[in-house]
Number of protein chains: 2
Amino acid sequence: MPNWETPLNEKNADAGADRRTQLRDRLIDIAQETVAAQGLDGLKARDLAAAAGCALGAIYTAFHDLDELILRVNARTLARLELALDAAFVDAEAEQALEAMARAYLSFARKEEPSWRALFEHRLPPGAPVPAWYADDRNRLFSRLDAPLAQLLPGKDATARAALAHTLFSAVHGVIALGLEEKIAETPPKLLDEQLGVLIRLLAAGLMMESARLI
Amino acid sequence: MPNWETPLNEKNADAGADRRTQLRDRLIDIAQETVAAQGLDGLKARDLAAAAGCALGAIYTAFHDLDELILRVNARTLARLELALDAAFVDAEAEQALEAMARAYLSFARKEEPSWRALFEHRLPPGAPVPAWYADDRNRLFSRLDAPLAQLLPGKDATARAALAHTLFSAVHGVIALGLEEKIAETPPKLLDEQLGVLIRLLAAGLMMESARLI
DNA sequence: AATTCGGCATGAACACCGTTCATTTTCTTG
DNA sequence: CAAGAAAATGAACGGTGTTCATGCCGAATT
């Protein structure tokens, strides 16, 4: 058991910890590039160690699992996705904001398809709980829809709005996920653009009606 | 290369082929049970051979791959799903039929969650084409929506209707998939029921408006 | 400064995976 | 019944993630 409690008075008391986080970051960087280029299945412990210039076992001094490393990579992907959604968020009309975010989501999925797929392909071992920091990162995604929905449905309370945000996001995700999935249908890009527009038009019409009913 | 072209005049000329298909069916049966109980990851070649009472190599006399076996298992799952959707298809009002099918889809996903997940978790090796027989089985799913949509939108042509069916199915699938995905949100069952209802109400309202516009 | 000592990086080794193929076994055939 | 072809077998292969006895190195002590 290391002497964590009494760090010595040296200036580089926890130099070991520094090198640890340095290695962590380097491994996450490389894993991120690997996943972006070859998908989750392209991530191999030995290749990763070779690319990072460290020993195979060193990976397991920085992370408990490869799963933990993958969650870190996915967290970064989520952060990039948030940035992409925010960039699309023109706070003009609520309806247009929702459409812009849906289009941005499709655009991101296309541009970073392997990384985006990794968000949903990865499963932790059965019984392993999702780390709180990852759940938070993910929940922030849905909250992006909150402001437009509040504008569109002022009568709804916050929890109902959060549930609706989740539902709308899931619906858009479903269309995009199955549309990009070549195994399911191989939808031509133009058709997918069009069908996403159809979905949004249908949902928007429904929201308008909902809004009218609540008034 | 076996002498397929000239089966001999014996009564059990192709006894080998019979035993082959017999073994195939037995392996699919066992794999189906395994996937239903433990998910795709629970399917191991050695366990499968042991359960079937055959040699490890015998699996590869019946199937080229484990992937091929998995596709067969998934095809059976698709067939059961089709049955479940058909059972829910009360051909009364189109809107109610669509809702009933969505509810039946959620019910099936809950009752056979590991098998249902296997439909979407499984990926064939990169570059491998999807067998035509599997693509057909999958396309039949969407076609279930065609009749209600035709009733609801008589103006739309068949290809547009097929695309719309695909879109609606995908949206419902997205809500159910992310709702059942504990990694994403752990939606309480009652809330998921409710949100599926919300989605259907929104989409139905949109379809009504679409229908009105087309007339 | 020499010497001990403790903690950490190391990569060979382990358990397990899907897949193959030399060997054995089985069956058909002349 | 013998000879040959055909098919089943499971040990072996190459690959995976993970572990842990080993040796190294830097710090503390005499």
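In what follows, chains are A, B, ... by sequence order, proteins preceding strands, each numbered from 1. The structure displayed is predicted, hence computed values, not measured ones.
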task = Could you state the atom-to-atom distance from CZ of B:F63 to C1' of D:dA8 in whole Å?
result = 16 Å
message = Strictly below 4.0 Å, N to O, side chains only: are B:R24 and B:E68 in salt-bridge contact?
response = yes
task = Decide yes or no for A:P189 and A:R110: does some side-chain heavy atom of the first lie under 4.5 Å from some side-chain heavy atom of the second?
result = yes
query = Taking for each residue the nucleotide of DNA chain D bearing the nearest heavy atom, is the 5' side occupied by A:H64 or by A:K44?
reply = A:K44
query = What nucleic acid atoms does B:L23 come within less than 4.0 Å of, heavy atoms only: base, sugar-phosphate, or nothing?
reply = nothing
message = If you compare all heavy atoms of A:A163 against all heavy atoms of B:L191, which two are closest, and at what distance to 0.1 Å?
response = CB-CD1, 4.2 Å
ask   = A:L43 CG to D:dG15 C1': how many Å, rounded?
value = 15 Å
ask   = Is a donor-acceptor pair below 3.5 Å formed from side chain A:R46 to base D:dG15, judging by atom type as modelled?
value = no
request  = Answer yes or no: is there a side-chain heavy-atom contact under 4.5 Å between B:L69 and B:L48?
outcome  = yes
remark   = Regarding the side chain of B:Y60, the nearest nucleotide among D:dA8, D:dT18, C:dT20 is C:dT20
request  = For the pair B:E181 and A:R138, find out whether any cationic side-chain nitrogen is under 4.0 Å from an anionic carboxylate oxygen.
outcome  = no
task = Measure from the side chain of B:D65, starting at C-beta and using heavy atoms only, and say which of D:dG17, D:dG10, C:dT19 lies closest.
result = C:dT19
ask   = Is A:R72 positioned over the aromatic face of A:W133, cation under 6.0 angstrom from the ring centre and no more than 45 degrees off axis?
value = yes
request  = Starting at atom CG of B:D67, determine the distance to atom P of C:dT19, rounded to an integer number of angstrom.
outcome  = 7 Å
ask   = Should A:D47 and A:T34 be marked as a side-chain contact (heavy atoms from CB on, under 4.5 Å) after you check the CA-CA gap, both sets of side-chain angles, and the distance that decides it?
value = CA-CA 10 Å; A:D47 295 348; A:T34 305; over 6 Å; no
query = Checking all strands, does A:L66 fall into the base, sugar-phosphate, or nothing category for heavy-atom contacts under 4.0 angstrom?
reply = sugar-phosphate
message = Output the rounded distance in Å from CD1 (A:I59) to P (C:dG11).
response = 12 Å
request  = Determine the contact category for B:L48: base if any of its heavy atoms lies under 4.0 Å from a base atom, sugar-phosphate if only primed atoms, P, OP1 or OP2 are that close, otherwise nothing.
outcome  = nothing
Degree of bending, the helix from C:dA1-D:dT30 to C:dT28-D:dA3 (end axes from five pairs; round to 10°) = 30°
